[in-house]
Amino acid sequence: MKYINVAIDNKSEHTDTLYTYGCEDDQVQVGQKVYVPFGLGDKVREAYVFQVLEEPEQEYKKLKFAEKIDEEVSLTEEIIDTCMWMKRRYLCKYIDAVKCFTPAGSRSKRGKERNPYKDAEGEAQNILSLTAEQERVLAPIRQAISEGRHRRFLLHGVTGSGKTEVYMRAVAKCLEEGRQAVMLVPEISLTKQIIERFIGRFGSDSIAVLHSRLSLGERYDEWSRIRSGQVKIVIGARSAVFAPLSQIGLVVLDEEHETTYKSDMTPKYDAVEVALKRLQHHDGVLLLGSATPGVATYFRSCQGIYERLELTSRYNQVALPQVSVVDMRDEMKAGNRSIISRQLYEAMETALEKKQQIILFLNRRGYSTFISCRECGKVLKCPDCGISLTYHKDKNRAVCHYCGYEEKPPEICPDCGSRYIRYFGTGTEKVEETVRGFFEKASVERLDLDTTKRKGSIERILNSFKKGKIDILIGTQLVAKGLDFKNVGLVGIISADVTLNIPDFRSPERTFQMITQAAGRAGRGDETGTVIIQSYTPENYAVQLAAEQDYKGFYETEIQLRQYMGYPPYSDLIQLVFASKTEEKAKGAAENWYEKILSALGGEEKECVFRPQAAPMSKIKEQYRYCMLIKCPQGKRRAYSEILETLKEAEKIKKKDYTVNVDINPYSFI
DNA sequence: AGCACGCCGACT
DNA sequence: GTCGGCGTGCTC
């Protein structure tokens with residue numbers, strides 16, 4: 001006879017505690033799935049064992065007994081421990097954390113294993129010998145793996161420097177040591193090449209692929225293949241970090257800077273943090289790779305939290321493209337009001353004559369509108385937060401989405417007095433129309449989320465581009481992600497300003513990454529490519545240093561700014577979103593929390609908590625939303641989490657008419 | 001969140 | 001007398 005503390009699979013926040021049951025089976029273990037009677041009606045519910053006790057912690061008037069143990073879905077102690085950590089870190093429910101680790105589907109009826117990637121041919125491998133640089137970088141990784149010590153590496157390698165080969169060698173070393181490896185990629189649908197290379201090298205029997213397009217049954221099969229121990233390598237998007245492996249020796253995160261590693265659904269976890277947590281248990285190695293590491297990541301590598309390794313030369317010595325920045329203010333002065341500058345137009349003509357392909361980058365349609373002067377490039381920014389102000393048409397005000405500062409938008413530019421004040425954010429969709437008008441004979445195709453909603457059309461468009469059937473491809477970030485095109489002579493970035501002025505402290509970082517990635521698409525064949533960046537603020541450091549391909553210079557500038565403004569990595573930003581049926585209730589809840597947080601802080605660090613404000617799109621699905629931002633100083637994360645946890649706990653007791661959603665270091669601020 | 005219990009009004 | 005309305009409070 002044992003006593004077990006279980007987390008019950010129930011939607012409610014009110015039942016998000018561990019319940020004690022008796023258990024007849026002495027063999028019961030932490031992590032096992034059990035069925036328990038719950039509530040007045042003793043309805044049978046699924047639950048997971050978090051603790052096994054010899055004696056109950058207290059006397060229970062009516063102790064109930066667990067019914068049976070499900071042997072097929074049981075987790076390990078390590079996983080349960082990670083769930084406890086996730087609950088605290090992301091303020092989610094026990095069961096939300098557990099569900100990350102369990103397969104949503106059920107066992108396939110026929111018991112026959114489906115193979116979701118059997119059509120993926122393993123790419124024939126002629127194993128190339130490593131360059132001296134690759135050898136140098138691999139040595140410490142191999143050593144860490146063979147010593148079985150928890151270490152963390154950041155591999156900073158320019159595009160085309162052979163990072164994937166380094167990953168594969170590290171994975172091979174890990175398998176040699178009898179352990180398993182996880183390979184995370186930002187977006188599985190665009191990374192077919194990586195999967196094929198891995199299957200070619202390691203064979204498909206020992207590889208499992210996890211991604212969102214798998215059916216529930218397929219996912220379940222992959223999950224049980226992994227748990228049974230026959231899988232040695234798991235490749236997948238961020239959720240693959242939850243793979244039920246028992247001896248993780250290595251987790252690789254390719255394109256570490258990508259925002260897709262942060263979940264936007266509950267629990268709002270960060271795959272890097274989860275990987276670190278798990279690897280500490282397993283004494284495994286973390287390997288982050290990127291050509292443009294996130295500023296926070298690079299900062300940590302300077303602090304020694306990550307050991308930095310560098311690959312500086314491109315694999316087959318292809319020269320980096322020639323990058324130039326076009327000042328759109330000059331175009332304006334010269335009377336060219338089109339979205340395409342004269343220089344870009346000429347470069348396009350030249351490329352078409354030479355039968356080279358062209359990619360034009362169009363940043364995600366700005367959902368927020370920033371205000372700028374077309375004559376001098378001045379952009380309206382918050383005096384306190386340094387981020388771009390967003391124009392709110394309904395009240396005709398320019399508003400800061402971080403702190404709520406607002407002002408009346410100027411009619412003439414405060415810097416140069418020009419009346420050409422422009423409200424940016426829309427209009428970029430017109431690029432396709434303009435380009436078709438300019439180059440009637442060329443074949444033009446657009447690739448973005450609108451055109452690729454239909455399944456398979458991404459691949460269709462990319463394939464016809466590869467075959468040379470498209471002359472000009474107009475696309476969003478989608479095109480930039482690690483795709484290899486041979487005949488691209490010219491890459492044009494229509495407006496670097498759109499990314500630069502997203503109201504987010506990371507917008508310079510994103511701009512730098514976007515330009516660098518885009519530039520990497522040009523001239524990967526034998527000829528040097530050309531990159532043209534259009535901007536109204538060409539003197540901006542992110543644009544300038546990206547054009548010069550100077551990562552370190554950018555980092556030095558950016559990290560100083562972050563320190564000065566107190567942004568990550570010098571703080572953690574916590575976003576709270578309050579939703580309710582009426583505006584008053586949402587506002588009331590937000591203001592109530594604001595006061596309570598301030599008093600919990602004991603009057604200190606008042607400047608860290610911003611006043612709540614109505615969310616820009618304040619009404620979604622019949623719910624009114626208010627949001628509030630907290631800038632949690634470095635080293636105070638635990639204290640702030642505890643305040644929020646206590647508040648959440650206290651609110652749980654009373655009947656609430658609102659919901660709170662917590663996001664730690666969100667990737668977008670609403 | 002569910003779900004049972006309970007304490008009032010309209011009904012065979 | 002009883003069927004059922006939803007308000008209230010608890011779940012090991």
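All figures in this text were calculated on a predicted structure; none of them were measured in a lab. When reading the values below, keep in mind they use all heavy atoms of this one structure, side chains included, and skip hydrogens, waters and symmetry mates. In what follows, every chain begins at residue 1, and chains take the letters A, B, ... in the order their sequences are listed.
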- Within less than 4.0 Å of OP1 or OP2 of B:dC3, is there a side-chain N or O belonging to A:Lys43?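 Yes, because at least one side-chain N or O of A:Lys43 sits under 4.0 Å from OP1 or OP2 of B:dC3.
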How long is the line joining [atom1] of [X] and [atom2] of [N], in whole Å?
X        : N      : atom1 : atom2 : value
A:Lys652 : B:dA1  : NZ    : C1'   : 13 Å
A:Leu63  : C:dT11 : CG    : C1'   : 14 Å
A:Lys62  : C:dT11 : NZ    : P     : 6 Å
A:Ile4   : C:dC12 : CD1   : C1'   : 10 Å
A:Phe38  : B:dA4  : CZ    : P     : 13 Å
A:Asp42  : C:dT11 : CG    : P     : 12 Å
A:Asp16  : C:dT11 : CG    : C1'   : 13 Å
A:Tyr94  : B:dA1  : OH    : C1'   : 19 Å

- Task: Please work out which of the three classes, parallel, tilted or perpendicular, describes the rings of A:Phe505 and A:Tyr567, given edges at 30° and 60°.
- Result: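 Ring orientation of A:Tyr567 relative to A:Phe505: parallel.
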- Task: Pick out which of A:Leu647, A:Leu91, A:Leu644 makes a side-chain contact (heavy atoms from CB on, under 4.5 Å) with A:Leu576.
- Result: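 The residue from A:Leu647, A:Leu91, A:Leu644 that satisfies side-chain contact (heavy atoms from CB on, under 4.5 Å) with A:Leu576 turns out to be A:Leu644.
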- If you round to the nearest 0.5 Å, how far is CD1 of A:Ile664 from OH of A:Tyr269?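 Answer for the OH-CD1 pair, A:Tyr269 versus A:Ile664, is 15.0 Å.
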Taking N or O atoms only and anything under 3.5 Å, show me the protein contacts with nucleotides 3-10 of chain C, one pair per line.
none

- Task: Step through the shown structure and confirm whether more than 12 heavy atoms of other residues, nucleotides or ligands are within 6.0 Å of NZ on A:Lys652.
- Result: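 Yes, because the 6.0 Å sphere around NZ of A:Lys652 holds more than 12 heavy atoms from other groups.
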- Task: Please determine if A:Lys68 forms a cation-pi arrangement with A:Tyr35, meaning its NZ or CZ atom is less than 6.0 Å from the six-membered ring centre and no more than 45° off the ring axis.
- Result: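 Yes, A:Lys68 sits over the ring of A:Tyr35.
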- Message: Whether the A:Asn5 and A:Tyr21 side chains hold a donor-acceptor pair (N or O, under 3.5 Å, no angle test) is what I'd like checked.
- Response: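 No.
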- Task: Just call it for A:Tyr21: base, sugar-phosphate, or nothing, with non-hydrogen atoms closer than 4.0 Å on any strand.
- Result: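 Touches sugar-phosphate only.
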